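What you are looking at is a predicted structure, and each value in this text was computed from that prediction instead of being measured. The chains referred to below are lettered A, B, ... by the order of the sequence lines, with proteins before strands, and numbering in each begins at 1.
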There are 2 protein chains.
Amino acid sequence: MKFFEKLENITKCPVSYVLALQDTLNAFHGKWKMPIIGTLLFGKKRFKEIEREVRKITPRMLSQELKDLEVNGIVTRTVYNTTPVTVEYELTPSGRELHLVMESMITWGLQHRQTNIMENLPALNMPKQRALEI
Amino acid sequence: MKFFEKLENITKCPVSYVLALQDTLNAFHGKWKMPIIGTLLFGKKRFKEIEREVRKITPRMLSQELKDLEVNGIVTRTVYNTTPVTVEYELTPSGRELHLVMESMITWGLQHRQTNIMENLPALNMPKQRALEI
DNA sequence: AATACCACTATACTTAAGTATACTGATATA
DNA sequence: TATATCAGTATACTTAAGTATAGTGGTATT
């Protein structure tokens, strides 16, 4: 699929594409969604498991972000009435498909570092808050 | 390239991939980078042109974000000593390659809306600050 | 009897990100 | 003479995002 194939001929991209971009950015929005999705790509997990694997996240943030991901159709939440309760979080089929986006990001990132390594990428300025220790 | 092909067999992704993901997220970080990159995909532009096309951006934000993109090797800044000065911003080759990432985002976003339209995607909760009127 | 586990929530706080408004100085146009 | 344009910068402010710390109730372990 080549969305920008005839880029010279157009000046705007269709509204549906802008919405699609928005939804995808939204899926990864904030400091913690990417590591959470990343860890869930390796299989469904319980709350405490995610908390342990996504280092330095607080339960407040984890809870909030999981809720976000749930209402956005990216993870499902299943409660088992064991004692104490177990709650499992799992990526939806749509959520699992995010790995394709992540792969294209990894591809770009690797290439970008390669082509810029000679120059000044030590000067890469990162936003202050970004975790991402998958 | 299938990074997660044997996902069952691994529990972590390599550090270089995490850095690559970080760089890519960084390229799009904040409310304004995506629309700026988006508009520059249609060709190089002057400061005021971008300011007009990326609606509601303030010169302060535009200046700041363009600087970010420049030090990160995504745009170049060229000054012509006309009167008054003209300054042109253009995507680097690496910057232009971001369209591939954007395409994969659009693909995912479109699919995600399709598979979730029956359910509750009116409930899609967006972050407060997001512009994206490309 | 005291402590630990689970999956969170509550409150208060700090830091980051974005906005509003005004201004620069040299030149061009009305 | 007054106003507009270019590419921004300066200062002060508001809003969003993230952190720190403590606590919930029910069960299980030491």
query: Closer to the 5' end of DNA chain D via nearest nucleotide, is it B:Val87 or A:Glu65?
result: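 Result: B:Val87.
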task: Find the distance B:Lys45:NZ to D:dA7:P and express it as a whole number of Å.
output: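 Between P of D:dA7 and NZ of B:Lys45: 14 Å.
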- request: Check the distance between D:dG8's C1' and B:Glu88's CD and give it to me in whole angstrom.
  value: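 Nearest whole value for this atom pair: 16 Å.
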task: With DNA chain C as reference, determine whether B:Gln64 or A:Ser63 sits nearer its 5' end, using the nearest nucleotide of each.
output: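 The residue mapped nearer the 5' terminus is A:Ser63.
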message: According to side chain to side chain contact (heavy atoms under 4.5 Å, CB included), who are the partners of B:Thr82, at least two apart in sequence or on a separate chain?
response: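 By the side chain to side chain contact (heavy atoms under 4.5 Å, CB included) rule, B:Thr82 matches B:Tyr80, B:Thr86.
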Judged by atom type as modelled, is there a donor-acceptor pair below 3.5 Å linking the side chain of [X] to the main-chain atoms of [Y]?
{"X": "A:Ser104", "Y": "A:Val101", "value": "yes"}
{"X": "A:Trp108", "Y": "B:His99", "value": "no"}
{"X": "B:Thr92", "Y": "B:Gly73", "value": "yes"}

- request: At the 4.0 Å heavy-atom cut-off to chain B, mark where contacts on DNA chain C begin and end, going 5' to 3'.
  value: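 The contacted stretch runs from C:dA17 to C:dA28.
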Counting the atoms with a prime plus P, OP1 and OP2 as sugar-phosphate, which does [X] contact under 4.0 Å by heavy atoms, base, sugar-phosphate, or nothing?
{"X": "B:Thr82", "value": "nothing"}
{"X": "B:Tyr80", "value": "nothing"}
{"X": "A:Arg60", "value": "base"}

query: Is A:Lys67 paired with A:Glu70 through a side-chain N to carboxylate O contact shorter than 4.0 Å?
result: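 No, this pair does not count.
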- prompt: If the sugar-phosphate is the primed atoms plus P, OP1 and OP2 and the base is the rest, what is the B/S/- string for nucleotides 23-30 of chain D, using protein heavy atoms under 4.0 Å?
  reply: ---BSS--
Residues forming a salt bridge (charged side-chain N to carboxylate O under 4.0 Å, His left out) with A:Glu49, sequence neighbours excluded: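 Testing A:Glu49 for salt bridge (charged side-chain N to carboxylate O under 4.0 Å, His left out), a comparison that skips the adjacent residues, returns A:Arg46.
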With sequence neighbours excluded, residues passing salt bridge (charged side-chain N to carboxylate O under 4.0 Å, His left out) with B:Glu97: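 Listed in chain order: nothing, the list is empty.
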- prompt: Linking Ile, Leu, Val, Met, Phe, Trp and Tyr through side-chain heavy atoms less than 4.5 Å apart, which residues share a cluster with B:Val15?
  reply: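 Listed partners: B:Leu19.
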